[in-house]
Asks: 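Supplied in structure tokens, the structure appears directly below.
Chain naming here is simple, since letters A, B, ... match the order of the sequence lines and numbering starts at 1 in each.
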There are 2 protein chains.
Amino acid sequence: MGSEQAGRAPEDADAVRADSLAREIFTGVASKWSLLIIEVLRDRTLRFSELRDEVEGISHKMLTQTLRRLERDGVVHRTVHPTVPPRVEYRLTDAGRSLRDTVNGMCAWSRMHLDEIEASRHRFDAQQHA
Amino acid sequence: MGSEQAGRAPEDADAVRADSLAREIFTGVASKWSLLIIEVLRDRTLRFSELRDEVEGISHKMLTQTLRRLERDGVVHRTVHPTVPPRVEYRLTDAGRSLRDTVNGMCAWSRMHLDEIEASRHRFDAQQHA
DNA sequence: CAGGATCCCAAGCGATACTG
DNA sequence: CAGTATCGCTTGGGATCCTG
């Protein structure tokens with residue numbers, strides 16, 4: 001993850017710290033549920049229950065948990081309407097939208113290489129027990 | 001993950017299967033170690049032990065396990081030199097390199113939003129126990 | 001050196017019940 | 001409706017030992 005670890009003075013501790021932080025952020029964001037939520041939010045505003053339906057397969061717990069992390073990192077914005085019953089809406093922040101662009105790239109990649117990957121898997125599996 | 005789930009006939013089972021496959025591929029590839037390995041391979045050819053050193057924090061087991069998955073999906077290519085001791089080299093395939101481009105995007109995003117995210121976290125944490 | 005197999009613990013996650 | 005808390009299973013993944 002180093003921006004470029006070429007020749008860095010050992011006393012340059014800030015760069016090291018930044019690297020490990022970037023790494024921590026990267027691995028935090030690069031998780032199944034985070035990416036799926038980001039992907040599904042696109043540029044819409046969705047309520048908690050709508051997200052729950054759209055993400056498919058995610059549990060109540062994981063949804064809240066992941067949303068909290070994303071909110072904390074400033075990737076999604078959370079709006080609470082003080083009505084009864086409560087209405088809570090989620091949308092991507094600017095940072096979130098820029099992240100989503102790269103996530104879309106991964107989704108596109110998955111779709112684009114579907115057949116190629118499936119073929120590769122068959123080849124691989126056939127070879128194994130050979 | 002739907003390419004566009006607008007109006008799809010129920011009998012169009014192929015598209016549904018493709019979607020779930022794309023989803024499975026996406027969540028398979030979008031895992032911490034997979035992405036870090038792809039990131040570290042860039043356009044180099046690395047040996048098993050070199051990868052082990054470069055990925056930092058990965059265990060022997062996770063490295064082999066993840067490499068197998070990536071090889072099976074045709075993302076990395078594995079070359080075994082029948083020497084003694086054995087020499088095994090890994091490099092990205094064409095598909096792998098195109099995936100790496102989007103992974104790079106996520107890494108760049110992490111680095112670019114470092115301070116913004118850190119600030120957001122502090123704000124969030126301060127608010128909480130308020 | 002590459003990597004399979006085994007053991008085992010801790011984290012991830014789901015299910016359920018409860019609150020505002 | 002949105003969210004927290006608790007419990008328990010399941011899994012990920014580390015440590016270690018063994019083979020070609």
Asks: Measure from CZ on R69(B) to C1' on dG3(C) and round the result to the nearest Å.
Replies: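 Rounding to the nearest Å, CZ of R69(B) and C1' of dG3(C) are 17 Å apart.
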Asks: Please name the residue in the list E54(A), E89(A), E50(A) that meets the salt bridge (charged side-chain N to carboxylate O under 4.0 Å, His left out) test with R44(A).
Replies: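 Among E54(A), E89(A), E50(A), the one meeting salt bridge (charged side-chain N to carboxylate O under 4.0 Å, His left out) with R44(A) is E54(A).
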Asks: If you define the side chain from C-beta out and look only at heavy atoms, does anything of V88(B) sit under 4.5 Å from Y90(B)?
Replies: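 When only atoms from C-beta onward are counted, Y90(B) and V88(B) do touch, with a gap below 4.5 Å.
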Asks: Looking across every strand, which nucleic acid part, if any, lies under 4.0 Å from R52(A) by heavy atom: base, sugar-phosphate, or nothing?
Replies: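 Nothing, no heavy atom under 4.0 Å.
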Asks: If we only count heavy atoms from C-beta on, is the D73(A) to R121(B) side-chain gap below 4.5 Å?
Replies: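 Yes. Closest side-chain heavy atoms under 4.5 Å.
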Asks: Please answer whether the main-chain N or O of G74(A) pairs with a side-chain N or O of T93(A) as donor and acceptor at a distance below 3.5 Å.
Replies: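 Present.
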Asks: Provide, to the nearest angstrom, the distance between the CE atom belonging to M62(B) and the P atom belonging to dA2(C).
Replies: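 About 18 Å, once rounded to whole Å.
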Asks: Round to the nearest Å and state the distance from R68(A) atom CZ to dG12(C) atom P.
Replies: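 Between P of dG12(C) and CZ of R68(A): 18 Å.
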Asks: Any ion pair linking R111(A) and D19(B) (charged N to carboxylate O, less than 4.0 Å)?
Replies: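 No, this pair does not count.
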Asks: Distance check needed: dG12(C) C1' versus K32(B) NZ, whole Å only.
Replies: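 After rounding, the gap between these two atoms is 13 Å.
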Asks: Give a yes/no on whether any side-chain N or O of T64(B) is located under 4.0 angstrom from OP1 or OP2 of dG3(C).
Replies: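 No, outside the criterion.
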Asks: Between S34(B) and R69(B), does any side-chain donor sit less than 3.5 Å from a side-chain acceptor?
Replies: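 There is such a pair between these side chains.
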Asks: Whole-Å distance between dG12(C) P and K61(A) NZ?
Replies: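 Whole-Å distance recorded here is 10 Å.
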Asks: Without swapping roles, check the side chain of T64(B) against the backbone of H60(B) for a donor-acceptor pair under 3.5 Å.
Replies: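 Between the backbone of H60(B) and the side chain of T64(B) there is a qualifying donor-acceptor contact (under 3.5 Å).
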Asks: How long is the line joining CG of L63(B) and C1' of dA5(C), in whole Å?
Replies: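 Atom CG in L63(B) sits about 17 Å away from atom C1' in dA5(C).
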Asks: Contact boundaries of DNA chain D with chain B (under 4.0 Å, heavy atoms), 5' to 3'?
Replies: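 It runs dG13(D) to dG20(D).
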Asks: Among I58(B), L92(B), V75(B), L46(B), which one satisfies side-chain contact (heavy atoms from CB on, under 4.5 Å) with I37(B)?
Replies: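 Testing each of I58(B), L92(B), V75(B), L46(B) against I37(B), the sole residue satisfying side-chain contact (heavy atoms from CB on, under 4.5 Å) is I58(B).
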Asks: Return the value, rounded to whole Å, for the distance between atom NE2 of H60(A) and atom C1' of dA17(C).
Replies: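 Atom NE2 in H60(A) sits about 12 Å away from atom C1' in dA17(C).
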Asks: Would you jot down, in residue-number order, the residues of residues 77-90 of chain A having a non-hydrogen atom under 4.0 Å from DNA chain C?
Replies: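 Of all residues in residues 77-90 of chain A, the ones placing a heavy atom under 4.0 Å from DNA chain C are P86(A).
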Asks: Applying salt bridge (charged side-chain N to carboxylate O under 4.0 Å, His left out), run through D125(A) and R72(B) and close with a yes or a no.
Replies: CA-CA 8 Å; D125(A) 294 344; R72(B) 191 172 108 100; 2.5 Å; yes
